[in-house]
Amino acid sequence: MIDLKLLQKDFDGMSAKLSRKKVDISLIADLKNKNDALKIAKTEFETLQALQNTMSKEFGIYKKEGKDVSELKAKVDANKINIATALEKQREAQEELEALVMAVPNIPDDNVPDGTDENDNVEIKKVLTPKEFSFTPKEHWELAEQNGWIDFERGVKLATSRFSVSFGMGAKLERALINFMLNFNSKRGFAEVSVPAIVNRNALKGTGQLPKFEDDLYKIDGQELFLIPTAEVPVTNLFADEILEESQLPIKMTAYTPCFRKEAGAAGRDTRGMIRQHQFHKVELVALSKPETSDEVFDEMVACASDILTALELPHRLVILCTGDLGFSAARTVDIEVWLPGQNTYREISSISNTRDFQARRAKIRFKDGKQNTMVHTLNGSALAVGRTLVAIMENCQNEDGSITIPKVLEPYLN
RNA sequence: GGACAGUUGGGAGAGCGGUUGAAUCUACUACCUUGGAAAGGUAGCGUAGGGUAACCUACCGGGGGUUCGAAUCCCCCACUGUCCA
């Protein structure tokens with residue numbers, strides 16, 4: 001959630017920044033008007049309420065002293081009607097404002113490049129050089145089937161399209177990768193947590209998936225519960241509604257969870273293979289930090305994810321997302337794209353975001369900043385998407401006969 | 001699935017329908033005391049919004065109701081605990 005106080009103070013500055021993210025100026029103006037309207041409605045209600053409170057107290061005193069209350073009661077009854085209308089007005093204003101503000105995305109950092117889509121993202125650096133193949137490298141689905149690692153048809157049989165089943169070394173590698181990544185992240189100071197894969201509406205509001213993106217989520221029928229699209233949701237919300245001690249920060253966590261996405265709007269994209277599945281494994285990094293150190297923590301997270309790929313000997317590049325490609329909650333995002341020789345392109349394998357205080361304000365995660373309470377900064381990033389890592393290993397480590405040479409760092413995890 | 005009990009401030013734990021945002025204990029912070037500490041004393045100590053300020057408003061699991069007035073009474077829901085099937 002954006003800071004409404006700041007909007008009031010610096011409307012022009014804020015709307016200029018938000019318009020970089022394609023937010024309609026008229027919507028921001030509307031937001032400010034609604035906020036002002038709410039303030040007026042609130043003041044009106046509170047004045048009436050204060051009067052009512054005073055009279056009610058008098059009423060009690062009158063009764064005690066045995067005085068006649070009929071005149072006072074008439075006044076109080078009359079005021080009661082006014083209060084009811086004022087309250088109703090305030091409630092309406094509140095609801096209108098909330099509906100609007102919950103749908104406004106985060107403000108991009110000043111140094112995020114302008115752009116309309118992923119083509120305007122800016123490469124920061126490349127790590128490791130893709131190796132030359134003396135043959136035409138195959139795509140991962142071909143390798144996966146040839147090695148008997150992944151069965152796409154049986155996934156469809158059990159569920160529906162975009163589900164798959166891993167067998168043998170494919171299944172083992174998934175497990176190995178999860179363990180390897182969790183250990184790697186732990187060594188970098190991210191404490192391991194294990195969280196529910198089902199969360200309530202409130203948690204999803206806290207991190208920004210709701211109310212705007214309900215169509216992307218799997219909802220449990222008849223219950224206000226959803227399958228998580230990412231561990232970011234439960235892990236970030238661990239500290240919702242809490243006021244942390246300054247000494248606790250930064251809190252750095254890592255968690256493995258399955259992730260579930262409807263992939264609404266992705267029809268026809270990546271239908272083949274396991275790039276885009278409805279259910280996938282992911283190891284996530286989440287951090288809460290003081291505002292002044294969140295950039296530092298962000299860099300640590302990017303380095304952590306990138307170093308995992310380096311350890312796996314997978315060539316990749318870092319890309320900073322432009323304003324048009326930035327997610328709803330993010331102020332700044334760096335994507336890590338891994339090289340896929342079969343597809344002859346770099347594909348996203350990790351996305352690391354600093355949401356500043358956007359999620360913290362929604363989820364009410366604060367810390368004691370001297371005498372006052374201040375919103376923390378929340379950060380999240382994949383380290384890494386497991387299925388896509390497996391894809392990258394298959395394509396990068398393939399031999400001419402279709403066999404795959406497993407990266408050395410994984411050996412301890414496969415015995 | 002059924003019955004009963006509970007949900008109050010960081011923790012523990014009071015609270016008759018009226019001046020209670022809430023006793024008390026504890027924790028915490030500052031100061032006094034001390035050579036230093038302990039003990040003791042004094043003061044402060046929930047969150048959010050509004051106001052230059054005095055101060056005002058809201059919040060006692062969530063939602064609704066009764067009442068001039070609700071932490072307190074009624075209804076619904078959620079959660080926790082105990083017992084039963």
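Here is how names work: the chains are called A, B, and so on, in the same order as the sequence lines, proteins then strands, and each is numbered from 1.
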Within this structure, what is the NE2-CD distance for the pair A:His281 and A:Glu174, rounded to the nearest 0.5 Å?
4.0 Å
Stepwise side-chain hydrogen bond (donor to acceptor under 3.5 Å, both in side chains) check, A:Tyr413 with A:Asn183:
CA-CA 11 Å; A:Tyr413 295 89; A:Asn183 283 346; 3.0 Å; yes
If you measure from the [atom1] atom in [N] to the same atom in [M], how many Å do you get, rounded?
N: B:G62; M: B:A58; atom1: C1'; value: 16 Å
N: B:C84; M: B:C16; atom1: C1'; value: 36 Å
N: B:G65; M: B:C56; atom1: C1'; value: 27 Å
N: B:G18; M: B:U72; atom1: C1'; value: 11 Å
N: B:C79; M: B:G44; atom1: P; value: 42 Å
N: B:G49; M: B:G21; atom1: C1'; value: 16 Å
N: B:C83; M: B:G11; atom1: P; value: 27 Å
N: B:C45; M: B:G9; atom1: C1'; value: 11 Å

Which nucleotide, B:G64, B:G49, B:U47, lies nearest any side-chain atom of A:Lys5?
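Taking heavy atoms from C-beta onward, the closest nucleotide is B:G49.
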Mind checking who [N] pairs with, Watson-Crick or G-U wobble, both distances under 3.5 Å?
N: B:G9; answer: none
N: B:A3; answer: B:U82
N: B:A58; answer: B:U47
N: B:C73; answer: B:G65
N: B:U34; answer: none
N: B:A23; answer: none

For residues 317-335 of chain A, run the donor-acceptor check on the side chains, cut-off 3.5 Å, and write out each pair with its distance to 0.1 Å, sequence neighbours left out.
residue  : atom : partner  : partner atom : Å
A:Arg317 : NE   : A:Glu337 : OE1          : 2.8
A:Arg317 : NH1  : A:Glu123 : OE1          : 2.8
A:Arg317 : NH2  : A:Glu337 : OE1          : 2.8
A:Thr323 : OG1  : A:Arg20  : O            : 3.3
A:Thr323 : OG1  : A:Gly115 : N            : 3.2
A:Thr323 : OG1  : A:Gly115 : O            : 3.3
A:Asp325 : OD2  : A:Asn121 : ND2          : 3.0
A:Ser329 : OG   : A:Thr207 : O            : 3.0
A:Arg332 : NH1  : A:Asn111 : OD1          : 2.8
A:Thr333 : OG1  : A:Ser353 : OG           : 2.7
A:Asp335 : OD1  : A:Ser351 : OG           : 2.7

For the residue pair A:Glu284 / A:Thr257, report whether a side-chain donor-acceptor contact shorter than 3.5 Å exists.
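Checked: A:Thr257/A:Glu284 side chains show no N/O donor-acceptor pair below 3.5 Å.
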Using only heavy-atom distances, determine whether the side chains of A:Thr116 and A:Asp120 contain a donor-acceptor pair under 3.5 Å.
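The criterion, which ignores hydrogens and geometry beyond distance, is satisfied for A:Asp120 and A:Thr116.
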Could you tell me how far apart [X] ([atom1]) and [N] ([atom2]) are, to the nearest whole angstrom?
X: A:Met55; N: B:U67; atom1: CE; atom2: P; value: 17 Å
X: A:Leu38; N: B:A48; atom1: CG; atom2: P; value: 17 Å
X: A:Tyr62; N: B:U19; atom1: OH; atom2: P; value: 17 Å
X: A:Ile40; N: B:G51; atom1: CD1; atom2: C1'; value: 15 Å
X: A:Leu4; N: B:A48; atom1: CG; atom2: C1'; value: 14 Å
X: A:Lys57; N: B:G21; atom1: NZ; atom2: P; value: 6 Å
X: A:Gln372; N: B:G49; atom1: CD; atom2: P; value: 11 Å
X: A:Ile243; N: B:C28; atom1: CD1; atom2: P; value: 19 Å

Looking at A:Asn147 and A:Leu143, would you say the former's side chain and the latter's main chain have a donor-acceptor pair under 3.5 Å?
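It does hold such a pair.
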OP1 or OP2 of [N] less than 4.0 angstrom from a side-chain nitrogen or oxygen of [X], does that happen here?
X: A:Lys73; N: B:U67; value: no
X: A:Arg366; N: B:U47; value: no
X: A:Lys80; N: B:U66; value: no

Minimum heavy-atom separation for A:Ala255 and A:Val193, please, with both atom names.
CB-O, 3.3 Å
Indicate the atoms forming the closest heavy-atom contact of A:Lys282 with A:Ala385, along with that distance.
CG-CA, 4.1 Å
Quick tally for nucleotides 53-59 of chain B: nucleotides whose base has a protein heavy atom under 4.0 Å get B, sugar-phosphate-only ones S, the rest -, giving ---SBS-
Closest nucleotide of RNA chain B for A:Lys368 versus for A:Asp77: which of these residues is on the 5' side?
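Here A:Lys368 is the residue nearer the 5' end.
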Toward the 5' end of RNA chain B, which comes first, A:Lys42 or A:Phe59, by nearest nucleotide?
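With A:Lys42 and A:Phe59 compared, the 5'-side residue is A:Lys42.
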Run A:His316 and A:Tyr346 through ring-ring contact (aromatic ring centres under 6.0 Å, His included) and show every step you take.
CA-CA 7 Å; A:His316 57 282; A:Tyr346 285 96; 8.6 Å; no
Find out whether A:Asp36 and A:Gln8 are in side-chain contact, i.e. whether some heavy atom of one side chain is under 4.5 Å from a heavy atom of the other.
yes
Minimum side-chain heavy-atom gap A:Phe167-A:Trp149 below 4.5 Å:
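Of all side-chain heavy-atom pairs linking A:Trp149 with A:Phe167, none is under 4.5 Å.
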Where along residues 197-205 of chain A does a heavy atom come under 4.0 Å from RNA chain B, residue by residue in number order?
none
Worked check of side-chain hydrogen bond (donor to acceptor under 3.5 Å, both in side chains) between A:Asn200 and A:Glu224:
CA-CA 6 Å; A:Asn200 58 33; A:Glu224 288 300 293; over 6 Å; no
NA contact type, A:Gln52, heavy-atom cut-off 4.0 Å: base, sugar-phosphate, or nothing?
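The answer is sugar-phosphate, as A:Gln52 gets under 4.0 Å only of primed atoms, P, OP1 or OP2.
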Over all strands shown, is A:Lys364 touching base, sugar-phosphate only, or nothing at heavy-atom distances under 4.0 angstrom?
nothing
